[in-house]
Amino acid sequence: MSFIKKLLSLGPKPVIAKSRYITIEEAKMAPFTKKTRGQGYGTLMRPDVYYIVASVELGNTTTKCILTATNLNTSRTYLLDKTVKMTRDIRPPKKGEKVFGETVWHVELTQESVADLVKDTILESVKRSGISIEEDLDFVVRSTGVTAGFASPKEVGELIIALANGCLEAGIPPSKMSPSISKDSLPKKLRDFTLLDKVMFDGAVVSVVPPTGRAVVANEMEGELVTAGIKAGAKWTEVDYRNPCISMDFGTTLAGRIVNNDEPYARTVGNFCGLAGAISDAIIRGTEKVDQRGGAALDIYTRDILKKADWKAAEEFASRAHEHVDIRKVPEGRERFGTVPVDPKAAYDAGTTLIGCDVGKDGDEIPELTKLGHEIIESTDIHTLFATLDHVSANVVKRLIIEADGEGVIQKGSLLGVTGRAGITGRKPDLVLEFAKDYFADVLFVSDALALGAAVMARCMNSMGTPHTPLGGRQGGPCILGPRRKLQQK
């Protein structure tokens with residue numbers, strides 16, 4: 001920090017990567033941004049080609065179809081459309097349908113009801129964006145944060161199948177949901193951008209491999225996607241958010257990873273799990289201004305809701321809320337932590353530290369948070385209540401960092417990336433940075449990281465890297481294509 005900034009007590013500002021929109025017409029115009037060889041007049045140029053991916057996400061609070069378009073010359077990912085529905089509005093099970101799980105808020109799910117919601121969400125998104133599924137859409141990635149109502153991490157597979165059925169019913173062919181086996185099986189426009197003839201997809205996403213052995217946490221894929229998505233979002237900033245790094249996703253449930261800087265592939269040395277936005281949602285329900293079954297803070301959030309907040313009172317209320325929040329290394333013997341199915345033995349056998357966030361034990365003290373929310377709204381106002389939520393989330397980040405640091409899994413030089421509605425709205429970035437700046441050189445806040453990660457996942461599965469502007473590898477380092485080829489040739 002400069003002398004003048006110190007003199008004026010001006011600290012560092014949060015680095016926020018905001019998603020940018022593009023239309024399908026703009027994507028098809030294909031201007032030129034990359035020279036293939038030569039200089040000056042007569043230089044050969046490679047036209048921009050956009051890789052269009054649908055991220056289909058079923059969450060505890062929201063269900064989304066987010067369409068992205070990635071410029072394969074620049075590695076920058078744009079949004080085409082973002083269609084969001086409330087998961088609580090999923091239709092109830094019909095007679096004869098089998099309930100296979102539920103959201104953290106006890107909304108029951110069947111294969112058929114999930115498929116219907118997913119189909120409707122996709123079709124609405126496709127219509128709004130004006131894309132053609134047959135001609136424009138290149139790939140679909142399905143993911144879910146709904147894990148609370150499942151008996152084990154393995155049972156999430158049934159939900160993934162339901163998501164696939166919804167995609168099929170929306171008219172998406174199976175070929176757009178699985179990786180290509182060769183360069184020739186890709187559309188012509190993409191063949192110049194794939195490295196399938198040089199490297200195969202071996203499970204590593206932006207140079208990070210997941211924990212080995214059995215699944216260690218039910219929402220492992222979510223952690224993988226948000227880590228990749230924050231790396232993609234960083235392309236809109238000057239931050240080199242590559243390995244080693246830490247990602248935290250504050251959706252209803254908590255997801256994320258702690259990644260070291262091994263090469264060519266870094267290892268996942270830590271996983272986050274448990275509750276995140278659900279903490280804020282529990283407090284907001286005490287206001288009785290939202291649905292008691294699936295109401296969320298985002299239902300009544302507005303940009304100016306913090307203008308008249310009493311921040312000192314909010315900080316005190318947040319401290320009281322955290323008396324019910326349990327953040328620690330997940331002990332062996334637990335099958336759930338923060339309602340999410342976990343397998344700590346498998347994690348520790350694989351050398352991965354599980355750090356969880358709970359409210360009481362498996363959410364049994366959530367009613368206490370709702371009572372606190374009622375007290376806040378009765379004694380102050382909605383502005384102070386939302387300020388309380390900002391402090392609550394910032395304190396979760398703080399305690400997660402302290403726990404990870406105490407376990408010795410934060411590698412020197414790591415950067416922190418935060419995403420999710422309960423991690424990047426309001427003044428949360430400023431409050432997080434106030435503490436995190438002592439641990440990390442840079443802290444990055446990214447919107448829609450899960451969808452950005454889906455775009456990255458789709459590229460990785462088809463070996464569509466950008467060696468000149470890599471997403472994988474170490475901070476400041478080159479592309480790892482060479483070391484990957486050597487590794488795969490062994």
J.: Rounded at 0.5 Å granularity, tell me how far CD1 in Ile22 sits from OG1 in Thr77.
T.: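 Rounded to the nearest 0.5 Å, the CD1-OG1 separation comes to 11.0 Å.
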J.: Given 3.5 Å as the limit, does a donor-acceptor pair link the side chain of His324 with the main chain of Leu369, or not?
T.: no
J.: Working to the nearest 0.5 angstrom, can you tell me the gap between Glu25 CD and Leu80 CG?
T.: 9.5 Å
J.: When you measure from the side chain of Ser125 to the backbone of Ile122, do you find a donor-acceptor pair of N or O atoms at a distance under 3.5 Å?
T.: no
J.: Classify the side-chain pair Arg459/Ser75 by whether it contains a donor and acceptor separated by less than 3.5 Å.
T.: yes
J.: If you count the non-hydrogen atoms of other residues, nucleotides and ligands that lie under 6.0 Å from CD in Glu434, is the total more than 12?
T.: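 No, not enclosed.
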J.: Does the Thr74 side chain pair with the main chain of Arg76, one donor and one acceptor, at a distance under 3.5 Å?
T.: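 Checked: pair present.
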J.: Backbone N or O of Arg257 within a donor-acceptor pair of the Ser247 side chain at under 3.5 Å?
T.: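 Looks like yes, one N/O pair under 3.5 Å.
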J.: Might you point out which heavy atoms bring Ala297 and Arg421 nearest each other, and give the distance in Å?
T.: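 For Ala297 versus Arg421, the nearest heavy atoms are N-NH1, 4.5 Å.
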J.: How long is the gap from OG on Ser463 to CG on Asp202, to the nearest 0.5 Å?
T.: 8.5 Å
J.: Does a salt bridge link Arg427 with Asp390, judged by any charged N lying under 4.0 Å from a carboxylate O?
T.: no
J.: Should the pair Arg142-Glu57 be classified as a salt bridge under the 4.0 Å nitrogen-to-oxygen rule?
T.: no
J.: Is any side-chain N of the basic residue among Arg474 and Asp240 closer than 4.0 Å to the acidic one's carboxylate O?
T.: no
J.: Testing Lys231, Glu263, Gln475 for side chain to side chain donor-acceptor pair (under 3.5 Å) with Asn243, which one passes?
T.: Lys231
J.: Do the side chains of Tyr78 and Thr70 get nearer than 4.5 Å, heavy atoms only?
T.: no
J.: Enter the distance from Leu117:CG to Leu109:CG here, rounded to the nearest 0.5 Å.
T.: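 Between atom CG of Leu117 and atom CG of Leu109 there are 9.5 Å.
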J.: Between Phe100 and Leu159, is there a side-chain heavy-atom distance shorter than 4.5 Å?
T.: yes
J.: At what distance, to the nearest 0.5 angstrom, does CG of Leu452 lie from OG of Ser55?
T.: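 Interatomic distance, Leu452 CG to Ser55 OG, rounded to 0.5 Å: 9.0 Å.
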J.: Counting N and O atoms only, with roles assigned by atom type, does the side chain of Asp81 sit under 3.5 Å from a partner on the main chain of Arg128, one being a donor and the other an acceptor?
T.: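 Between the backbone of Arg128 and the side chain of Asp81 there is no qualifying donor-acceptor contact (under 3.5 Å).
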J.: Taking everything shown except Lys189 itself, do over 12 heavy atoms lie less than 6.0 Å from its NZ?
T.: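 Check passes, neighbour count above 12.
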J.: Search all heavy atoms of Val56 against all heavy atoms of Cys167 and return the closest pair with its distance.
T.: CG2-SG, 4.2 Å
J.: Tell me if a side-chain donor or acceptor on Asp299 pairs with a main-chain N or O of Ala296 at a distance below 3.5 Å.
T.: yes
J.: Does either side chain, that of Thr87 or that of Thr63, offer a donor lying less than 3.5 Å from an acceptor on the other one?
T.: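 Looking only at side-chain atoms, Thr63 and Thr87 do form a donor-acceptor pair, the distance falling under 3.5 Å.
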J.: Within a strict 4.5 Å, meaning less than it, do heavy atoms of the Met464 and Tyr51 side chains meet?
T.: yes
J.: Decide whether Asn71 and Lys235 meet the rule of one side-chain donor and one side-chain acceptor closer than 3.5 Å.
T.: no
J.: Under the side chain to side chain donor-acceptor pair (under 3.5 Å) criterion, do Asp448 and Ser19 qualify, and how do the steps go?
T.: CA-CA 7 Å; Asp448 305 311; Ser19 302; 3.2 Å; yes
J.: Quick one: closest heavy-atom pair of Ala204 and Tyr265, and the distance?
T.: CB-CE2, 3.6 Å
J.: If you compare all heavy atoms of Pro264 against all heavy atoms of Leu487, which two are closest, and at what distance to 0.1 Å?
T.: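 Closest pair (atom of Pro264, atom of Leu487, distance): CG-CD2, 4.0 Å.
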J.: Taking the side chain as everything from C-beta on, heavy atoms only, tell me whether Val330 gets closer than 4.5 Å to Tyr348.
T.: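 Yes, close enough: below the 4.5 Å cut-off.
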J.: Do Thr252 and Thr61 get their side chains close enough for a donor-acceptor pair, meaning under 3.5 Å?
T.: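 A donor-acceptor contact under 3.5 Å links the two side chains.
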J.: Could you tell me whether the side chain of Met86 reaches within less than 4.5 Å of the side chain of Asp89, counting heavy atoms only?
T.: yes
J.: What do the steps show when you test Leu168 against Ile172 for side-chain contact (heavy atoms from CB on, under 4.5 Å), and what is the final call?
T.: CA-CA 5 Å; Leu168 293 170; Ile172 296 169; 5.9 Å; no
J.: What is the ring orientation for Phe386 with Tyr301, classed by angle as parallel under 30°, tilted 30 to 60°, or perpendicular over 60°?
T.: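 Plane angle between 30° and 60°, so tilted.
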J.: Looking at OG1 of Thr253 and CD1 of Ile279, how far apart are the two atoms once the value is rounded to the nearest 0.5 Å?
T.: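 Rounded to the nearest 0.5 Å, the OG1-CD1 separation comes to 11.0 Å.
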J.: Shortest non-hydrogen contact from Leu389 to Lys428?
T.: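 Shortest heavy-atom contact: O-CE, 4.1 Å.
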J.: Yes or no on side chain to side chain donor-acceptor pair (under 3.5 Å) for Asp138 and Tyr50, after CA distance, side-chain angles and deciding distance?
T.: CA-CA 9 Å; Asp138 295 305; Tyr50 287 86; over 6 Å; no
J.: Between Thr268 and Val209, is there a donor-acceptor pair closer than 3.5 Å when you use the side chain of the first and the backbone of the second?
T.: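 Checking the backbone N and O of Val209 against the side chain of Thr268, a donor-acceptor pair under 3.5 Å is found.
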J.: Can you give me the closest heavy-atom contact between Gly145 and Asn60, atom names plus distance?
T.: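 The answer is O-ND2, 2.9 Å.
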J.: Does any non-hydrogen side-chain atom of Tyr241 lie less than 4.5 Å from one of Leu416?
T.: no
J.: With no hydrogens and no angle check, is any side-chain donor or acceptor of Arg242 less than 3.5 Å from a backbone partner on Gly473?
T.: no
J.: Do any N or O atoms from the side chain of Arg267 and from the backbone of Asn260 form a donor-acceptor pair under 3.5 angstrom?
T.: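 Not a single qualifying donor-acceptor pair exists.
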J.: Give the intermediate values and the outcome of side-chain contact (heavy atoms from CB on, under 4.5 Å) for residues Phe139 and Met461.
T.: CA-CA 10 Å; Phe139 208 84; Met461 291 173 80; 4.0 Å; yes
J.: Would a 4.5 Å heavy-atom cut-off, applied to side chains only, mark Leu275 and Ile366 as touching?
T.: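 Result yes, sub-4.5 Å side-chain heavy-atom pair found.
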J.: State whether a side-chain donor-acceptor pair under 3.5 Å links Asn261 with Gln411.
T.: yes
J.: Does a side chain donor of either Asn271 or Thr352 reach within less than 3.5 Å of an acceptor in the other side chain?
T.: no
J.: Dump the intermediate steps for side-chain contact (heavy atoms from CB on, under 4.5 Å) on Lys64 and Thr83, then the final yes or no.
T.: CA-CA 6 Å; Lys64 305 174 186 174; Thr83 296; over 6 Å; no
J.: Ignoring hydrogens and angles, state whether a donor on the side chain of Asn462 or Thr194 is under 3.5 Å from an acceptor on the partner side chain.
T.: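 Distance-only check fails for Asn462 and Thr194.
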J.: Identify which one of Arg334, Arg336, Arg399, Arg328 satisfies the salt bridge (charged side-chain N to carboxylate O under 4.0 Å, His left out) criterion when paired with Asp358.
T.: Arg334
J.: Could you give me the CA-CA distance, side-chain angles and deciding distance for Val49 and Leu190, then say whether side-chain contact (heavy atoms from CB on, under 4.5 Å) is met?
T.: CA-CA 8 Å; Val49 171; Leu190 301 176; 3.9 Å; yes
J.: Is Thr469 reaching over with its side chain to a backbone N or O of Thr466, donor-acceptor style, under 3.5 angstrom?
T.: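 Side chain of Thr469 to backbone of Thr466: no pair is present.
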